[in-house]
Protein chains: 2
Amino acid sequence: MPSRKSTSETRQIGTGLARIGDALRSQAWQQGAELGLTPTQARALALIGASPDGVGLTALARGLGVSAPSASETVKALVARNLVAKVRGTDRRATILTLTDEGETVANGVEGWPGFLEDAVAALPADDRTALLRGVSQVIRTLQEQGGIDPQRQCLTCRYFQPNRYAGSARPHHCGFVDAPFGDSGLRIDCPDHEAAAV
Amino acid sequence: MPSRKSTSETRQIGTGLARIGDALRSQAWQQGAELGLTPTQARALALIGASPDGVGLTALARGLGVSAPSASETVKALVARNLVAKVRGTDRRATILTLTDEGETVANGVEGWPGFLEDAVAALPADDRTALLRGVSQVIRTLQEQGGIDPQRQCLTCRYFQPNRYAGSARPHHCGFVDAPFGDSGLRIDCPDHEAAAV
DNA sequence: TCTAACAATTAGGAGTGCTAATTAAATGCC
DNA sequence: GGCATTTAATTAGCACTCCTAATTGTTAGA
């Protein structure tokens with residue numbers, strides 16, 4: 001194994017994940033062109049659509065990982081395109097964002113975006129795929145714990161949430177996505193990997 | 001955001017990778033602020049620095065996954081900051097880009113960027129880490145074959161790479177460049193000694 | 001030679017992202 | 001109750017990203 005530079009396994013993985021992220025971004029530009037959306041707009045649309053009761057602008061900004069003014073600007077573009085509606089809430093400082101019917105349609109089109117990536121993943125042998133999922137899940141869990149990723153939507157309505165699986169334990173609940181137990185103090189209000197539980 | 005849609009392992013991985021990519025991008029903005037670089041500039045700097053003989057603008061654009069005009073604009077900013085030098089080559093249409101001394105210094109600072117991600121990766125058990133590296137490598141190779149990514153300098157596409165030469169051994173692969181055996185944990189995604197294999 | 005292909009740039013336009021400052025509404029506290 | 005603080009969102013101003021289309025040289029091919 002040649003090396004003058006740092007070459008730890010860890011570093012190679014970091015580099016690889018960064019490359020995949022880059023590929024996703026540049027792919028998003030192309031896919032977005034078809035719908036007239038930029039990557040950020042698409043992501044905002046998805047986040048808003050994922051919140052049935054609407055989202056505030058600040059929460060959206062946190063979810064996108066950008067500043068409030070940036071989010072405001074993006075929302076402005078989406079409103080101008082009639083994809084998103086703004087409503088004033090009980091707290092009359094705040095805005096509540098929801099999708100319009102048209103926005104709903106477009107958001108559905110956005111859903112399958114990482115499809116080309118999934119093709120690549122699907123080409124893996126089953127064993128490697130499982131290992132990859134475990135690794136990615138754990139990385140995400142660590143990032144959330146470090147605060148690098150914004151938690152979204154609440155566990156209580158999440159299909160991955162298994163309350164009191166370990167009754168009596170200090171960490172009685174179980175999250176199936178990151179495959180780890182956690183306690184009441186770890187309950188998420190807004191988890192990016194949230195998926196609505198079946199009714 | 002997947003909802004009642006397919007929840008396959010594959011889709012989970014796709015979503016997870018996208019999420020990690022988002023985290024990386026927003027982190028890059030913060031880290032970049034310290035050096036006065038945007039994420040794209042940092043990436044361009046790294047790519048130029050990785051090519052000892054210099055790169056052309058078109059190659060750079062492909063590597064960044066953007067159009068030539070976008071790359072041109074980014075390079076203009078780097079040249080203005082005295083981090084990159086442009087030279088006219090034998091082909092007088094083409095430009096050859098190299099780092100200035102100052103650019104070299106800054107590029108070194110950029111190298112450790114995904115550090116916060118690496119912390120997360122380092123927290124994995126060794127087995128999972130190796131499996132993650134193998135999975136990430138294969139995903140990248142598939143993306144390259146699909147044309148979604150510009151060819152990277154990884155073992156899987158290297159002429160010196162002899163996979164499973166010592167099948168059954170703990171270090172089954174062989175690198176012909178350093179003439180030594182190595183295992184999955186030694187797989188490179190960005191190797192300075194990479195030479196593309198014949199098609 | 002003359003045309004096609006190619007490398008890079010310019011022009012023009014929408015969007016992203018930042019910090020700092022502003023407006024408006026809700027809270028807190030004496 | 002009243003006034004200072006905090007909070008939500010926006011505006012202003014700036015640099016950069018990214019695109020397509022058109023332009024200017026330069027090289028290579030029929």
Side-chain angles (χ1 to χ4, degrees), chain A residues 21-45 47-48 54-81 83-97, chain B residues 21-45 47-48 54-81 83-97:
Chain A
D22 295 335
L24 279 170
R25 177 180 50 85
S26 84
Q27 202 74 11
W29 269 101
Q30 296 178 16
Q31 307 247 345
E34 295 163 18
L35 295 169
L37 292 176
T38 62
T40 303
Q41 288 172 356
R43 221 164 117 45
L45 212 56
L47 275 174
I48 295 170
V55 216
L57 184 66
T58 302
L60 178 66
R62 256 203 323 269
L64 293 173
V66 302
S67 66
S70 297
S72 180
E73 204 63 32
T74 294
V75 166
K76 195 200 278 180
L78 292 174
V79 168
R81 273 175 177 56
L83 301 176
V84 165
K86 276 181 185 176
V87 192
R88 222 81 225 189
T90 334
D91 181 338
R92 290 221 301 272
R93 293 170 301 184
T95 315
I96 295 173
L97 304 167
Chain B
D22 295 336
L24 276 171
R25 231 179 340 285
S26 83
Q27 202 75 10
W29 269 100
Q30 296 177 15
Q31 307 247 346
E34 296 162 17
L35 294 170
L37 293 176
T38 62
T40 303
Q41 289 172 355
R43 221 165 114 48
L45 211 55
L47 275 174
I48 295 170
V55 217
L57 185 64
T58 303
L60 179 65
R62 255 203 324 270
L64 293 172
V66 302
S67 65
S70 297
S72 180
E73 203 64 33
T74 295
V75 166
K76 194 199 280 179
L78 292 174
V79 169
R81 273 175 176 57
L83 301 176
V84 166
K86 275 182 187 175
V87 192
R88 222 82 224 190
T90 334
D91 181 339
R92 290 222 302 274
R93 293 170 300 182
T95 314
I96 296 173
L97 303 166

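Here is the naming used below: chain letters follow the sequence lines, and residue numbers restart at 1 for every chain. Just so it is clear, the model here is predicted, and its values are computed rather than measured.
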Discussion item. Rounded to the nearest 0.5 Å, what separates atom CG in B:Leu57 from atom CD1 in B:Ile48?
Written reply: 9.0 Å
Discussion item. Distance check, rounded to the nearest 0.5 Å: A:Gln41 atom CD versus A:Leu64 atom CG?
Written reply: 11.0 Å
Could you tell me whether [X] contacts a base, only the sugar-phosphate backbone, or nothing, with contacts defined as non-hydrogen atoms closer than 4.0 Å?
{"X": "B:Arg25", "value": "nothing"}
{"X": "A:Thr95", "value": "sugar-phosphate"}
{"X": "B:Ala94", "value": "sugar-phosphate"}

Please determine whether a side-chain nitrogen or oxygen atom of [X] lies at a distance below 4.0 Å from atom OP1 or OP2 of [N].
{"X": "A:Arg81", "N": "C:dA14", "value": "no"}
{"X": "A:Arg88", "N": "C:dA25", "value": "no"}
{"X": "B:Ser72", "N": "C:dT9", "value": "yes"}
{"X": "B:Lys86", "N": "C:dT9", "value": "yes"}
{"X": "A:Thr38", "N": "C:dT16", "value": "yes"}
{"X": "B:Thr74", "N": "D:dC16", "value": "no"}

To the nearest angstrom, how far is [X] atom [atom1] from [N] atom [atom2]?
{"X": "A:Leu57", "N": "D:dA8", "atom1": "CG", "atom2": "P", "value": "10 Å"}
{"X": "B:Arg92", "N": "C:dA5", "atom1": "CZ", "atom2": "P", "value": "23 Å"}
{"X": "B:Gln41", "N": "C:dT16", "atom1": "CD", "atom2": "P", "value": "18 Å"}
{"X": "B:Arg93", "N": "C:dT9", "atom1": "CZ", "atom2": "P", "value": "14 Å"}

Discussion item. For B:Leu45, run the side-chain contact (heavy atoms from CB on, under 4.5 Å) check against B:Leu78, B:Thr40, B:Thr74 and tell me which one passes.
Written reply: B:Leu78
Worksheet item: Among the nucleotides C:dT16, C:dA7, C:dA26, which one has an atom lying closest to any side-chain atom of A:Asp91?
Response: C:dA26
Worksheet item: Quick check: are there more than 12 heavy atoms from other residues, nucleotides or ligands sitting under 6.0 Å from CZ of B:Arg88?
Response: yes
Practice prompt. For B:Glu73 and for A:Glu73, find the nucleotide of DNA chain C with the closest heavy atom, then tell me which residue's nucleotide is more 5'.
Written response: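 The residue mapped nearer the 5' terminus is B:Glu73.
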Practice prompt. Using the closest heavy atom to pick a nucleotide of DNA chain D for each, name whichever of A:Val75 or B:Thr40 lands nearer the 5' end.
Written response: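 The answer here is A:Val75.
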Worksheet item: Taking DNA chain C as the partner, which of residues 59-67 of chain B come within under 4.0 angstrom of it by heavy atom?
Response: none
